[in-house]
Amino acid sequence: MADIKQQENLVNVTIDGRQISAPKDATILEAAQLAGIYIPTLCYDERIKSYGACRMCVVEQEDRPGYAAACVTPVAENASYITNKDETVELRQSVLNLLMSEHPHGCLTCDRIVHCGPNDICLRNVSVTDRCVVCPQNHRCELQATVEIVGVNEQLLPYSYRELPIRTEDPHIDRDYNLCIACARCVRICDEVIGVEAISMLQKGDRILPGTPNDVPLSDPLSGCTFCGACVDACPVGALTEKENKWEGLPDQTVSTVCTECEIGCQLTAELKDGKLLRIVPDLDGGSNQGLACVMGKFKITDEALSEDRIKHAGIQEGSKLQQKNLVEAIEAAATQYKKYSGDEFAMVSSASISNEDSYVINKFAREVMNSNQVTNSSESLMKVIDDNFEVPFSSEVKDLSQSRNIVFLGSDLEETHPVAAYQIHKAVNYNDANLIGIGPERFKELGRAARMWLQCKSGTEPLILEKMSHYLSKTETPFETSEEDFIELTGLSFDEIQRASDFFTPSERISFVHAAELSSSPEVIEKISFINKKSNLDSNSFIFRSGESNSQGLLDINDSFKDTAIEGTFSLDNFIENVESNKIKAVYWVGGIPDISDKKTEDLYRALGKVEFLLVQGTAIPESLMDLANIVLPQPVATESVGTFTNVEKRLQLVTPIIEPLVEADPVWETLTALAKIMDRDVLKFGTSDEVFQELASEIDEYSGYSHDSLRLMETGPILK
Amino acid sequence: MYEQMKSEADKIWNARSNSIHPIISVGISASSVSVGAGRTLARIQEEVQQKYSEVIVEEVGDIGFSWADPVVHITMPGTPQITYGNISEDIVEQFLADILVDSNLRSDLSLGVAGGGEFKGINPLENQPWMIHQKRIIMENYGYTIPQNLSHYISNGGMEALDKALNSMTPEEVIEEVKNSDLRGRGGALFPTGVKWSFMQNAPEGDKYLAINAEEGDPGAFTDVSIIENDPYKLLEGMLIASYAMGCNKSFIHVRAEYQLAVERLTEAVKSLEEHNLVGDNILGSGFSHEIEVDATGHAYICGEETALMESLEGKRGAPRPRPPFPAGYGIFGRPTNINNVKTISYVPTVIKIGHKEFKNIGAESASGTALLSLSGHINRRGVAEIPVGLNLSTVIDDIGGGSSDINGIKALQCGGPLGGIMSSEEMNMPTDFQGMSLKGSPLGSGGIMVVSNSSCIVSLVKNIAEFNEDESCGKCFPCRKGTTHIVQILKNIVEGYGNQSDLSKLNDIGESMVAGSLCGLGQLAPGVLKNALKYFSEEFNEHIDEKKCAAGVCGKLA
């Protein structure tokens, strides 16, 4: 397994004469890596199970005949391994020679490779399909690096090109199986970690290659590919490449950033060339994602910036038509309006997908500039339920899910809402033989396949199922209140089915409750999980995810810090609608779009917004219906264009760094509000940069103190706040 | 319980033996059917229906004389059973008329008579040159019983060992007995079976499995299928005893689906055991429960490798897993698993029945018991034979096999399948012994001996075997995937007259990398035949390379 578990039991081994203490379940390769000893590999990938196929990592054990593949052989107490004997190196060279007879390698053994560019005339007349310099993976290729390190200077065996057509019919991913070395890393990561099983190894012997069923395109439903791009990241050679910017070559700059698509906050490296984004590579060091990402982070991170619906200019409603204005004009007009209101006449509503800095300044503006405590965000109710029920809704880190042995899953399709968390469940099932039980009306595709059993109950009866299940699991003596007859009537399931599902769990091992909550889902599920966590004698932990919000944790932390100054307790979206209807609220500053709430509530919300005297809406893309109601519209930079911190579901504080040039002239919310306050002559906001906002925020909120943008930038991965 | 079963079985068997009607039994197996035994049987049934209504016609197991198929046994009331060979469909009418009407015993077609003594000029079967050196333990019922008939099996001593093991021995005693008998794995590795079983004793609580490797992919190997076809209960009884000893609650038989008749008979036999509560809960009142699953899978040679077999049983692609973890710790679905070959397990009832001392008396120092051989190639009597380990190899070839079928004589023996080896016929005067033959470079492996005559070209033969290995490599590990391909390429060049001396060192280098670097036995053993062919027949390679000549006239371009 990729993770080296922290074990008390260490074993002593010698590798190349060096004494090393390694965890007793470590492989020889892992032990060598701990000590910084290099062993070449091709089919090894720390994100997946070792495979032992490429034989690059063969090492000798003293006093033992033959070779051991270091990636799959566990260390033995007091054993001595030699990684670099001449015979071993020769074996590696000869295996590479075999491999190079099927992989284009004209440049691999040529000493001129460092001098040549793609457009140079080859002095050796190597045909164009056999050159490394025209491969999209040139200088990023693991085979190229391995050949150089192992030292193969000449290709001894006849070479044959596969002459397969290059598959370019799919979005995002190009497949050139002429370059494939059949290490199966793509297949294994798709199968073991992503859980999609879109591709598999086809044929056998020398004809073995990865591919889709019936050779359909990846985008065909028969393959089921979700375009998470894990296969591309896993591919050691140029067989799988990102379609976009494929031929742009190496980046001249790399930027570490964080995806803000969901609250996992995958840490990503953006590769840039001449300021242009070439590709995204998920960080192996990323605390929450460990080298994984989903289609949003990998391929669609700039979609929001490039969206056709993007608000590109500021606008002022004049004669029921939105007139394009410049930013200064629009902000000045807004200041004039807001000056007319104060106290509870003003309200501020934001989304849960804005940075901590924006969120902080929003609170400050409302409370200190407008003297109003009416600050809310569109999903506060869900956050409140979670906050009320759990001291920590997230018992540990996302990656710890992969260590669970028993998992109960409820809610919306995690594979859609938080794919990277779903990958950890697949890891638990595939590497740890975890027992996964799903509860809910719909058996989801990937998680459904991984589950031992899916209790397909009627919608909304999940709490009852949970109660019955915990009854079985904790072996409670007290009678269950609902009769079996009623239970069947209500849930559509019998006691026997719940019993059977409960029997799958390994007794004596902790049960993890994973819930993908939505704004519209029932709070009772969360209450019930909390009850089981706290009150029953069951050893359990919980992983509660919130859909569609990338910074709800940060928002919660910041709002909490301001609640001390609140006069009337909490203020929710319901209160907002109520107060507008009763004409208390007259001026509104609205950030973002319309939240994903029930149809009825959406209707109420629109009606209320229609009654507001002055409505300013700031956002990246705003629905037309909301624009029509707005008096002033302001553009907003997207996360990939601006700097700011986000706090993920694990309470990990992460810095989002811009990776593209701003496409729209827009100021972030904190900057807009600062400017607004200045024009309004309420000089309480004095921020020049996002970092200055953060530093004030950090001085106000204990958990955040001690960090700054600069200190976060220097960290391998964001810290988890206590 | 067993006694009652036995007495009921005896009744059925005795009624058959003392039949007042003539019994005609036709040996039916996939191999005999391939040369017309099915049509012979149909013709006999037709004749009997029309003319001899009192005669009983039966489908029995194959006695192992593939060279004489179709084989028919006839028992007239009060006389011993006579075995006839080569009874093709077109002579059936005359043959039956001669025997049943004219009382002409047709000694010209007879192979021998059962019972040990001469009968009306027909020699006893067991004294025939092809039988006298055999020692049939596993094959004892071949040709005499109806394979799927449980009563036939029980009445001939079957299930006695199971009863003994379950009801009068502890699992530890069974393992000890097998250890002491020195029974060794007949898949070819010769690992002591009892020791292998003992690895399962320390396994944690929960499911434990026994898997039977009936993949038998070697071309020229057909002993496993013969056991399953001709005496499936022997295997099943062995499995039950082994499972009892190791505490396995379930066993799997991984058999290739192409073995249609074998799968049919095996499935029927398992069903019959279930009906008689010999599989299921509380077997023979001992408290031991067991379940058997027959897994017929599409054939892939690699699935005969034990870790690939487990992957296949789990429903995955058949490709080897790295070891460690070993199957006894982490096997099928991660549970402790023991994997044995069909032949190995089929010895177990005998070991338990006769005890380790007597079993050890059979065979040689290096391995006790018998060796089941598949004789094929340029030899007169092809088929299955069972000999005590250590019998002289020339005796096997000349007496049991009847010598070369080619007037030019024998050039080589290719043993142990495509992953085995090859030896010169000059080395033949030696014991048929697993270790000894390995040292000669032609390991017996799972018992396949292919006789190669002087009319054959060794280079071409080696090329054919290399092509098989190339085809059947799973493609997972790099040395085997590419190594097998290059070996074929080079050998193709040589037989087409484009070879040069540097090719031989290339072959050697590739072979060495495969042996040292491959993940599983397939890649490690694939260069074996080539290596030993270069050792014994280097002049033939040189002739192809230097003189562009194929003396045997096999390689078209060089003939």
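What you are looking at is a predicted structure, and each value in this text was computed from that prediction instead of being measured. Letters A, B, ... mirror the listed sequences (proteins, then strands); counts begin at 1.
- There is no contact between A:Cys43 and chain B, counting heavy-atom distances below 4.5 Å.
- For chain B, the nearby part of A:Val95 is the side chain; its heavy atoms alone come within less than 4.5 Å.
- Using a 4.5 Å heavy-atom cutoff, the side chains of A:Tyr51 and B:Lys476 are in contact.
- With a 4.5 angstrom heavy-atom cutoff, A:Asp206 touches chain B via backbone and side-chain atoms both.
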Exercise. Mind running side-chain contact (heavy atoms from CB on, under 4.5 Å) on A:Arg207 and B:Asp471 for me, showing each step along the way?
Key: CA-CA 9 Å; A:Arg207 299 170 310 287; B:Asp471 250 15; 4.0 Å; yes

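- Using a 4.5 Å cut-off between heavy atoms, A:Ala184 does not touch chain B at all.
- Interface summary for chain B: among A:Val72, A:Ile181, A:Thr73, A:Val58, the most heavy-atom pairs under 4.5 angstrom belong to A:Ile181.
- Residues from residues 509-516 of chain B that place a non-hydrogen atom less than 4.5 Å from a non-hydrogen atom of chain A comprise B:Ile510, B:Ser513, B:Ala516, given in numerical order.
- Within a 6.0 Å radius of OH in B:Tyr498, other residues, nucleotides and ligands contribute 12 heavy atoms or fewer.
- The residue among B:Gly318, B:Gly483, B:Gly517, B:Pro325 with the most heavy atom pairs within less than 4.5 Å of chain A is B:Gly517.
- Using a 4.5 Å cut-off between heavy atoms, B:Arg481 touches chain A through backbone and side chain atoms alike.
- Here the straight-line distance linking atom CD1 of B:Ile302 with atom NZ of A:Lys204 works out to 9.5 Å at 0.5 Å rounding.
- The greatest number of non-hydrogen atom pairs below 4.5 Å with chain A, out of B:Cys477, B:Gly334, B:Pro320, B:Ala319, is found for B:Cys477.
- Only the backbone of A:Gln203 comes within contact range of chain B, with at least one heavy atom under 4.5 Å from a heavy atom of that chain.
- When all heavy atoms are compared, the tightest approach of A:Pro74 to B:Pro324 is CD-CG, 3.5 Å.
- The closest donor-acceptor contact from the side chain of A:Arg55 to the backbone of B:Phe478 lies at 3.5 Å or more, if one exists at all.
- Other residues, nucleotides and ligands contribute at most 12 non-hydrogen atoms within 6.0 Å of the NZ atom of B:Lys531.
- Contact tally against chain A (heavy-atom pairs below 4.5 Å) for B:Asn469, B:Ile490, B:Thr484, B:Leu519: the top residue is B:Leu519.
- Ranked by non-hydrogen atom pairs under 4.5 Å with chain B, the options A:Gly52, A:Ala69, A:Cys54, A:Ser94 are led by A:Cys54.
- Of residues 145-159 of chain A, those residues lying under 4.5 Å from chain B by any heavy-atom pair are A:Leu156, A:Leu157, A:Pro158.
- Neither the backbone nor the side chain of A:Met56 has a heavy atom closer than 4.5 Å to any heavy atom of chain B.
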Exercise. Decide side-chain contact (heavy atoms from CB on, under 4.5 Å) for B:Arg317 and A:Ile208; before the verdict, give the C-alpha distance in whole Å, the side-chain angles of both, and the deciding distance to 0.1 Å.
Key: CA-CA 12 Å; B:Arg317 177 187 173 85; A:Ile208 192 171; 3.2 Å; yes

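- Ranking B:Ser518, B:Ala300, B:Cys480 against chain A, the residue ahead of the rest is B:Ser518, based on heavy-atom pairs under 4.5 Å.
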Quiz prompt | Residue pair B:His486, A:Ser101: steps toward the side-chain contact (heavy atoms from CB on, under 4.5 Å) verdict | solution = CA-CA 9 Å; B:His486 283 290; A:Ser101 72; 2.5 Å; yes

